[in-house]
Peer 1: 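I am attaching a structure below and will ask some questions about it afterwards.
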Amino acid sequence: MRNLSIVASVVLGTSSVLATAVVADESKHRVVDKPLTLNVHLHDKKFTYDNNWPVELEAARLTGISLNNVTIGNTPDSQEAFNLMLASGELPDIVGGKFIKPNANRYGPEGAFIPLQDLIAEHAPNISALMKEKPEVFNSILAGDGNMYFVPYLTDGKYGRAYFIRTDWLDKLGLEAPNDVEELHKVLTAFRNNDPNGNGKKDEVPAFFRNWEEVLRLVTLWDGRSSGSDTYHDFHVVDGEIRHGYAGEGYKVGLTNVAQWYKEGLIDPEVFTRGSRAREYLLSNDLGGFTHDWFASTASYNDSLKDKVDGFKLEAFIPPASISGVRMEEHRRIPVKPEGWAISATNKYPVETIKYMDFWFSEQGRRLANFGVEGVHYDMIDGKAIFKPEILNSDRPVNSQLTDIGAQVRRGFYQDYGYEIQWTNKYALAGIDLYDQGDYLIDQFLGVSFNVEEQAVYDKHWNNIKTYMLEKQQAWVLGSEDIQSDWDNYMNELDKLGLNKVIKAMQSAYDRQYKS
Ligand code: CA
C-alpha cells in the first residue's frame, strides 16, 4: 500500500505529496490485503451490532476487516442472547457486549474462547502498552485459570454520582448546604415543613432517587456500605477481606435511621415504585429537593428547567460527613467494565482478529470508537476531537446519537472522557471541581474470577441471599418490619442461606487473583 501510493505521487507529481502522506499514515492500520469478513455477536440491551454503522464502515476501510452481525434473538437481555447463541451450537468469530466477562471467564477455560496474552504480546502493541500502564485493571479481568479471555471496555473519567441539593431552596429558607448527617436531617426537615416551593402546600419531596437503590447509599452517612463497585449490592473489600455491606453494623445503624427519615416524610414515599422518571417528574414540578445522581445529567436540569421553574438551582455539594466524620462518595466510575469482546476457538483468523481488536486501541481507532468519523461527526481542533455543532446542539442526547453510529458501544475499547466533557454544563463542571478539592472517592472492588468449585458455591447460594437481603431492607425502610428486633434473626438467616460460604469462595478467588 505504502509503495503503491509513493509510485502514484511520483506519477502525479508534487501536488499529491500531501495526499500520499495521508494514505501512508492510514495504511498502517491495514490488517489484511484482501478484505476479510468475520462474524460477530455483540449484544447490549440498547443495541446489537450493525454492519452499517458509520464507525464500523470506517474501521473496515482502514483495517480491511468487516464484521458481520449474527447476534441471535430479539431479547433486551444480554445473558439470554448469549445463551441462545450457545444453544445454537455455533460460536461466531468474535463474541462480545454486555456481561462478556462472566461468560468468557466461564467458557474460556472450557475451550470455547482462546487465551489472548500471547497473541496480544506478539501482535497487539497498543493493547500491550495499555496493559503495562494499567496492570491492576487487566489483572482484574483474568479468568480463574489465570488467562485473559476478552479484550475489555475501559472507562475514563473519575466521577459518577454526587450529592445534589436545591440551593435556591436553601437560600429561600436561609440555610446552608448541609455539612454533616445531622445538618442534612435538619435541611430535609425544613424542606418538608417550610414550603420552599412557595405554593402554600406541604407537597415537597425532600429526598428522592431516580434509582431506588440510591436510598441505600445513605447508610454511608452512618459508616455503613451499600456497594463496593458501580454495581448495586456488590461486595466490598476492607484490608484485603471480602465483606458484604448488608451484613455490617453500619448498615444496621444506617438503615434504622433511613427508616426513621422515611417515617418522618423526608424520603420519597414512592421511592421503591416511582421508577426512572422520578428525577424528571419531581424536578420539573418543583417538588424534589435532594438527590444522589450522575453529575452531567443531573446538572443539565439547570439548563432545561431554567424557564420552567422560577429561580431553579440544583447544585452539587460535597458528601456530608458521617457520624464518625468521614466524607465518602461511594460511587465512582469503575475503570473497567465486564464488557468487551472475545475470540472464539473456532475463529480461523486469530492473528488478524487480535490485530483488528488492537486497531481500536490505536490513537485513530480510539478516536473512532469514542467520537465517530472525523469530518463527519467531529473535527480535530487544536489537537482535540471536537463534535460537530449539529451533534452538540441536537435535541437528541449526545450519547444516544453516538450509539446510533456505532461509537461508545461495548466493543473492547478505551473510552476518552473528552467525549463527555463537551456536553457537561458549567454546573456539573463546578461540582466536579468541588469534589476534586477533597479526597472523597474510595477504592473499587473490581470483582473476582472463580474457579469451578467457587463458581458452584456462588451459583448455588448468592441469588437467594440477595433476594432475601432486598426483601428485608425494603420492609425495614417502609416500616412494615422493624430492623432492630429483626437483626439477629436476619444475620442467622443469612448464615443459613450460605452467605459465609459465598464470602469464603470469594475470598479464596480474591487471594489468588490479587495477593499473588
Ligand atoms: Ca409547597
Side-chain angles (χ1 to χ4, degrees), residues 161-219 221 254-320 425-428 430-431 434 474 476-480:
R161 295 172 185 270
Y163 291 96
F164 276 85
I165 197 155
R166 283 288 298 273
T167 47
D168 59 322
W169 283 11
L170 290 176
D171 290 345
K172 212 180 261 180
L173 302 179
L175 297 165
E176 300 279 330
N179 206 37
D180 57 27
V181 57
E182 255 180 65
E183 287 183 20
L184 178 61
H185 182 251
K186 278 193 195 125
V187 162
L188 295 179
T189 306
F191 282 180
R192 178 85 197 117
N193 295 334
N194 301 343
D195 194 25
N197 67 6
N199 64 356
K201 295 185 209 157
K202 204 169 168 179
D203 56 351
E204 287 80 0
V205 178
F208 66 93
F209 304 99
R210 181 168 57 122
N211 303 92
W212 65 262
E213 295 91 342
E214 290 299 327
V215 76
L216 307 168
R217 195 81 72 186
L218 297 177
V219 302
L221 300 172
L255 219 58
T256 304
N257 283 280
V258 169
Q260 178 61 30
W261 287 19
Y262 183 86
K263 199 172 156 193
E264 291 171 13
L266 307 184
I267 291 168
D268 184 2
E270 294 175 49
V271 66
F272 290 108
T273 47
R274 201 184 288 274
S276 61
R277 287 187 52 80
R279 183 177 64 170
E280 172 80 24
Y281 174 80
L282 292 169
L283 290 178
S284 56
N285 286 289
D286 201 12
L287 295 171
F290 158 85
T291 195
H292 187 249
D293 209 325
W294 287 80
F295 264 115
S297 63
T298 309
S300 76
Y301 286 95
N302 289 292
D303 292 328
S304 60
L305 296 180
K306 148 174 110 226
D307 300 324
K308 204 179 163 208
V309 180
D310 194 34
F312 184 92
K313 216 168 180 193
L314 180 69
E315 292 180 286
F317 68 109
I318 60 172
N425 76 9
K426 63 178 182 190
Y427 298 96
L434 196 62
Q474 187 163 337
W476 290 333
V477 172
L478 296 178
S480 58

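In each ligand, atom 1 is the first atom listed, and ligand 1 is the first ligand listed.
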Peer 1: For Lys202, what residues pass the side-chain hydrogen bond (donor to acceptor under 3.5 Å, both in side chains) criterion, not counting sequence neighbours?
Peer 2: Asn193
Peer 1: Tell me which N, O or S atom from Asp203 is the closest to the Ca ion (ligand 1).
Peer 2: OD1
Peer 1: What distance do Arg277 atom CZ and Arg210 atom CZ have between them, rounded to the nearest 0.5 Å?
Peer 2: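 Rounded to the nearest 0.5 Å, the CZ-CZ separation comes to 11.5 Å.
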Peer 1: Can you check whether Asn197 reaches Glu204 side chain to side chain, under 4.5 Å on heavy atoms?
Peer 2: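 Heavy-atom side-chain distance check passes, below 4.5 Å.
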Peer 1: Examine all N, O or S atoms of Lys201, backbone included, and report whether one is under 3.0 Å from the Ca ion (ligand 1).
Peer 2: yes
Peer 1: Checking one value in my table: which N/O/S atom of Asp195 lies closest to the Ca ion (ligand 1)?
Peer 2: OD1
Peer 1: If you round to 10 degrees, what value do you get for the angle at the Ca ion (ligand 1) between Glu204 atom OE2 and Asn197 atom OD1?
Peer 2: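 Seen from the Ca ion (ligand 1), OE2 and OD1 are separated by roughly 70°.
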Peer 1: Who passes side-chain contact (heavy atoms from CB on, under 4.5 Å) against Ala259, sequence neighbours left out?
Peer 2: none
